[in-house]
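Convention: sequence-line order gives letters A, B, ...; per-chain numbering from 1. Owing to the predicted nature of the structure, the values given are computational and were not obtained by experimental measurement.
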There are 2 protein chains.
Amino acid sequence: MNNIETPVLSVDVILFKIKKKKLCVLLHKRETEPFKDAYALPGVAVRVNETLLMGAKRALFEKLNINFHKNLYLEQLATFDALYRDVRGRTVSVGYLGIDSSNKYTDENIIYKNIEDINKGSLPFDHNEIIETAVERLKGKMRYTNIAHKFLNSSFLIEELVELYKVVLNRNINLTNFRNKLLKIEMIEQKKILNEAVGKKGGRPPHLYSFTKNEIAFMDKDFLS
Amino acid sequence: MNNIETPVLSVDVILFKIKKKKLCVLLHKRETEPFKDAYALPGVAVRVNETLLMGAKRALFEKLNINFHKNLYLEQLATFDALYRDVRGRTVSVGYLGIDSSNKYTDENIIYKNIEDINKGSLPFDHNEIIETAVERLKGKMRYTNIAHKFLNSSFLIEELVELYKVVLNRNINLTNFRNKLLKIEMIEQKKILNEAVGKKGGRPPHLYSFTKNEIAFMDKDFLS
DNA sequence: GCAAAAGTGTTGTGACTACACCCATGG
DNA sequence: CCATGGGTGTAGTCACAACACTTTTGC
């Protein structure tokens with residue numbers, strides 16, 4: 001069937017991570033032309049016998065040297081199809097939004113690029129646009145799903161969760177009311193175990209919390225003011 | 001560049017229309033194998049020199065005999081990539097969600113399929129799944145954007161708007177509070193002209209309303225209970 | 001004037017914000 | 001027992017659902 005002339009299909013992965021209280025995406029230094037040595041999103045051409053998700057995982061492995069694991073979340077974002085987005089020829093790319101809650105990777109060809117710094121310097125291809133779309137999607141999903149748990153360990157402090165929301169949505173949030181709300185809609189629950197050995201200086205030890213559901217779940221409504 | 005083996009790329013259009021107070025999608029009778037004579041979504045293979053949107057418009061023209069016009073709205077939905085979704089060979093398809101507010105088309109090869117009836121009979125390829133995704137997207141966007149105006153004329157009665165919401169979301173809505181809410185968030189506005197010649201039997205003539213914005217706009221929050 | 005259809009006003013209920021207060025620990 | 005940080009309670013405000021009431025027309 002592949003005697004038909006068709007655009008090349010690729011995937012690009014926008015992998016989010018929190019670093020130094022900033023929302024970042026992982027970029028890799030390109031080893032080949034075009035844009036050799038520039039930092040760009042990891043991407044590969046999709047093979048005939050693999051799904052887009054398989055392609056996205058392969059891009060992570062081949063370009064970022066990251067093996068897929070259970071703390072790595074991927075979902076389809078959107079498809080980017082501008083006629084001249086790739087100088088090599090017609091290529092349509094499906095973006096995959098990723099979140100990684102595991103420890104950070106230290107590879108000399110990988111950088112964590114702060115979202116706020118991206119507008120300043122332009123990335124290769126249409127990667128600026130792709131990232132912008134991904135950030136909008138992420139912000140939206142933070143408001144009406146429990147996707148936040150993909151950034152965190154299975155147990156966390158309420159302070160960590162609020163901090164995450166502040167960083168991603170880039171605004172202030174009242175911790176007290178936030179906790180009460182998420183408890184009421186049963187998005188999170190308290191684990192009765194108090195935390196004694198966190199190396200705190202003093203003060204009342206915080207509760208541990210966990211999400212009530214492990215999968216991505218839609219809340220009834222936008223739960224932020 | 002097209003010496004690389006790559007999946008074939010296609011577009012399928014899910015064109016929504018209200019008919020007899022039911023949410024429907026337009027299907028066409030396939031003229032070729034596979035699934036000859038079965039009803040399916042209009043779709044075409046994407047050409048190297050056209051965008052996905054251009055492909056979607058071409059699908060509407062070639063399969064439904066509909067010329068693109070200003071009352072026809074199209075937006076990208078999602079990309080469907082199951083390995084064996086097309087029996088002819090690996091094909092990845094980008095779905096486009098469409099809404100048409102113009103008069104209905106009468107072509108013997110076109111049918112309006114009620115959404116609620118679709119689960120009963122299975123459609124070719126993965127078109128059931130595509131339509132399900134499109135319906136979910138549409139329902140979602142009805143709740144926090146003004147996408148509803150793509151179904152209506154520029155001026156409409158509040159009763160028509162409520163009826164649209166009832167049909168699409170498949171639930172009851174209080175007209176009075178609905179109007180007050182949409183006026184308050186300035187999604188719609190009253191046109192001062194009262195309507196005298198609508199052929200009503202009696203009763204107070206209704207106001208005409210219009211959307212305050214012509215483009216798709218996101219409201220601050222989900223505006224339905 | 002009466003019925004019908006549309007639009008306006010009101011009221012009780014529930015949810016949210018802000019903030020004061022209380023609790024549990026280390027030193 | 002005081003300082004520190006976490007957690008709980010509350011009160012004023014705001015928004016909303018339900019529904020009664022008023023307006024404007026045709027006959």
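- In this structure, of dT17(C), dG7(C), dG7(D), it is dG7(D) that holds the atom nearest to the side chain of Arg179(A).
- Whole-Å rounding puts the Lys221(A) NZ to dC16(C) P distance at 9 Å.
- Taking atom CG of Asn172(B) as the reference point, atom P of dC19(D) lies 12 Å away to the nearest angstrom.
- Salt bridge present: Lys141(B) and Glu75(B) bring a charged side-chain N and a carboxylate O closer than 4.0 Å.
- Applying the salt bridge (charged side-chain N to carboxylate O under 4.0 Å, His left out) rule to pairs touching residues 215-225 of chain B yields Arg143(B)-Asp222(B), sequence neighbours excluded.
- The two residues Phe80(B) and Thr133(B) make their nearest non-hydrogen contact at CE2-OG1, 3.7 Å.
- One atom, CG of Leu175(A), and another, P of dC19(C), lie 15 Å apart when rounded to the nearest Å.
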Could you go through residues 60-68 of chain A and list every donor-acceptor pair under 3.5 Å that involves a side-chain atom there, pairing it with any protein atom two or more places apart or in another chain?
unit_1: Glu62(A); atom_1: OE2; unit_2: Arg58(A); atom_2: NH1; d: 3.1
unit_1: Lys63(A); atom_1: NZ; unit_2: Gly43(A); atom_2: O; d: 2.7

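- As rounded to whole Å, 13 Å separates atom C1' of dA6(C) from atom CG of Asn174(B).
- Nucleotide dG7(C) holds its P atom 7 Å from the CD atom of Gln190(B), rounded to whole Å.
- Heavy atoms of Ile158(A) sit under 4.0 angstrom from primed sugar atoms or phosphate atoms, though from no base atom.
- The separation between Leu224(A) atom CG and dA15(C) atom C1' is 15 Å, rounded to whole Å.
- Side chains of Thr79(A) and Thr79(B): a donor on one and an acceptor on the other come within 3.5 Å.
- For Phe178(B) and dA6(C), the CZ to P distance is 15 Å, given to the nearest whole Å.
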For nucleotides 9-15 of chain D, print each protein N/O atom paired with a nucleotide N/O atom at under 3.5 Å, atom names and distance only.
none

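- Going from atom CG of Leu208(A) over to atom C1' of dA24(C) covers 15 Å, rounded to whole Å.
- Of all nucleotides listed (dA18(D), dG7(D), dA24(C)), dA24(C) comes nearest to the side chain of Pro205(A).
- Under a 4.0 Å N-O distance rule, the pair Glu186(A)/Lys213(A) does not qualify as a salt bridge.
- Put simply, the side chain of Val11(A) reaches to within 4.5 Å of the side chain of Val44(A), judged on heavy atoms.
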